[in-house]
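Excluded from the calculations below are hydrogen atoms, water molecules and symmetry mates; all remaining heavy atoms, backbone and side chain alike, are included.
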Amino acid sequence: MKRPIEFAHMLLKESVNEGDFLIDATCGNGNDTLFLAQLTGKNGFVHAYDVQEEAIMRSKELTKSQTNIRYILDSHAQISHYLTEDKIKHVDGAIFNLGYLPKSDKSIITKPDSTIQAITSILDVLTKGKRVVIVIYHGHEGGKDEKNAVLDYVKALSQKEFAVLQYGFINQKNNPPFVIGIEKN
């Protein structure tokens, strides 16, 4: 069985084509940003968001060989602003890793309202047949609230417009992370 992040990557790999426009809504240490940049290739493009300059710097260091990434030091809640600014009319995939930046200040976390705003902004312009994946880390202060808000939001999405799945281990201790996958019908 695949670990949650491996499963999330598999979901994206199945639906992303070279030349696609992708979003890393929480670039963190840059692992997902690098994955997306390689997946979409030199003809594609990635927006990578984070609210912490430390995360942007870590990501830039890891992805320094990639030329198809725009780093944005801002909340993912502002995604629609940057899509408009760059005249982007559709998104072909996105990934979120919710929680906090590993080996950093654990009080700086993703929040339910901004996360749902970001998901909504992406789903509004997501190409049919493409996917958004959300890896939910919820074993920290505030994590349960965000987990519950995101679950409530995705459960309410129209099944005519979106297919939504949940993947995760149910017999592990310490609030194991899990994946939400959303595909536009």
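Residue Ser59 holds its OG atom at 8.0 Å from CD1 of Ile69, rounded to the nearest 0.5 Å. The structure places CD of Glu146 at 10.5 Å from CG of Leu151, a figure rounded to the nearest 0.5 Å. Atom-to-atom distance recorded for Asn43:CG and Glu18:CD is 5.5 Å, nearest 0.5 angstrom. Ser65 contributes atom OG, which lies 6.5 Å from atom CG of Leu34 (distance to the nearest 0.5 angstrom). Atom NE2 of His140 and atom OG of Ser107 lie 10.5 Å apart (nearest 0.5 Å). Here CD of Glu161 is found 11.5 Å from CG of Leu126. Values are rounded to the nearest 0.5 Å.
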**Request:** Please report the C-alpha distance between Asp20 and Thr40 in whole Å, then the side-chain angles of each, then the deciding distance to 0.1 Å, and finally whether the side chain to side chain donor-acceptor pair (under 3.5 Å) criterion is met.
**Result:** CA-CA 5 Å; Asp20 279 353; Thr40 193; 5.6 Å; no
**Asked** Can Ser15 and Glu183 be said to form a side chain to side chain donor-acceptor pair (under 3.5 Å), step by step?
**Response** CA-CA 9 Å; Ser15 69; Glu183 183 176 275; 5.9 Å; no
**Pair Leu62-Asn29, side chain to side chain contact (heavy atoms under 4.5 Å, CB included): steps then yes or no** = CA-CA 8 Å; Leu62 183 66; Asn29 288 316; 5.9 Å; no
**Request:** Show your reasoning for whether ring pair (Phe, Tyr, Trp, His ring centres under 6.0 Å) applies to His47 and Tyr71.
**Result:** CA-CA 6 Å; His47 271 192; Tyr71 289 96; over 10 Å; no
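Using a 4.5 Å heavy-atom threshold, the side chains of Lys130 and Phe21 count as separate. Taking the side chain as every heavy atom from C-beta outward, Ile79 and Ile122 approach each other to under 4.5 Å. When side chains are defined from C-beta on, Ile136 counts as touching Ile180, because their heavy atoms get closer than 4.5 Å. Leu73 is not listed as a side-chain neighbour of Asp50, based on a closest heavy-atom distance of 4.5 Å or more. Put simply, the side chain of Asp92 reaches to within 4.5 Å of the side chain of His90, judged on heavy atoms. The shortest distance between side-chain heavy atoms of Arg58 and Lys103 falls below 4.5 Å. Counting only heavy atoms from C-beta outward, the side chains of Phe7 and Met1 never approach each other to under 4.5 Å. Side-chain contact between Gln78 and Tyr49: absent, with no pair of heavy atoms (C-beta onward) separated by less than 4.5 Å.
Formation of a donor-acceptor pair under 3.5 Å by the Thr115 side chain with backbone atoms of Pro112 is not found in this model. Using a distance-only test at 3.5 Å, with no hydrogens or angles considered, no donor-acceptor pair links the side chain of His138 to the main chain of Gly143. Of the possible donor and acceptor atoms, one in the side chain of Asp24 sits under 3.5 Å from a partner among the backbone N and O of Thr33. In this structure, the side chain of Asp86 does not engage the main chain of Ile88 through any donor-acceptor pair within 3.5 Å.
Residue Gln159 places its CD atom among 12 or fewer non-hydrogen atoms of other residues, nucleotides or ligands, all under 6.0 Å distant. Counting heavy-atom neighbours within 6.0 Å of Met10 CE, excluding the residue itself, gives a total above 12. Taking a 6.0 Å sphere around OH of Tyr137, one finds it holds more than 12 heavy atoms contributed by other residues, nucleotides or ligands. Counting heavy atoms of neighbouring residues, nucleotides and ligands inside a 6.0 Å radius, atom CD of Glu14 exceeds 12 of them. More than 12 heavy atoms of other residues, nucleotides or ligands sit less than 6.0 Å from atom CZ of Arg70. The 12-atom threshold is exceeded at CD of Gln172, counting heavy atoms of other residues, nucleotides or ligands nearer than 6.0 Å.
At a cut-off of 3.5 Å, with distance as the only test, a side-chain donor of Tyr82 or Asp74 sits close to an acceptor on the other residue.
Following chains of ILVMFWY side-chain contacts shorter than 4.5 Å, one can reach Val164 starting from Ile134, so the two form part of one hydrophobic cluster. Taken together through direct or relayed side-chain contacts under 4.5 Å among Ile, Leu, Val, Met, Phe, Trp and Tyr, Ile119 and Val91 form part of one hydrophobic cluster. Residues Phe96 and Leu101 are members of separate hydrophobic clusters, defined by side-chain heavy-atom contacts under 4.5 angstrom among Ile, Leu, Val, Met, Phe, Trp and Tyr. Residues Leu11 and Leu157 do not share a hydrophobic cluster, clusters being chains of Ile/Leu/Val/Met/Phe/Trp/Tyr side chains in contact below 4.5 Å. Linking Ile, Leu, Val, Met, Phe, Trp and Tyr whenever their side-chain heavy atoms come within less than 4.5 Å puts Val125 and Val154 in one cluster.
Of all heavy-atom pairs between Ala55 and Cys27, the closest is O-SG, 4.2 Å. The heavy-atom pair separating Leu83 from Ile23 by the smallest distance is CD2-CD1, 4.3 Å. Minimum interatomic distance between Pro177 and Val135 (heavy atoms only, all atoms of both residues): CB-CG1, 4.4 Å. In this structure, Ala37 and Asn68 approach most closely via the heavy-atom pair O-ND2, 3.1 Å. Closest approach of Tyr100 to Ile108, counting heavy atoms only: CB-O, 3.4 Å. What you find for Asn97 and Thr26 is that their closest heavy atoms are N-OG1, 2.7 Å.
Between Phe35 and His9, the angle of the ring planes stays under 30°, which puts this pair in the parallel group of the 30/60° scheme.
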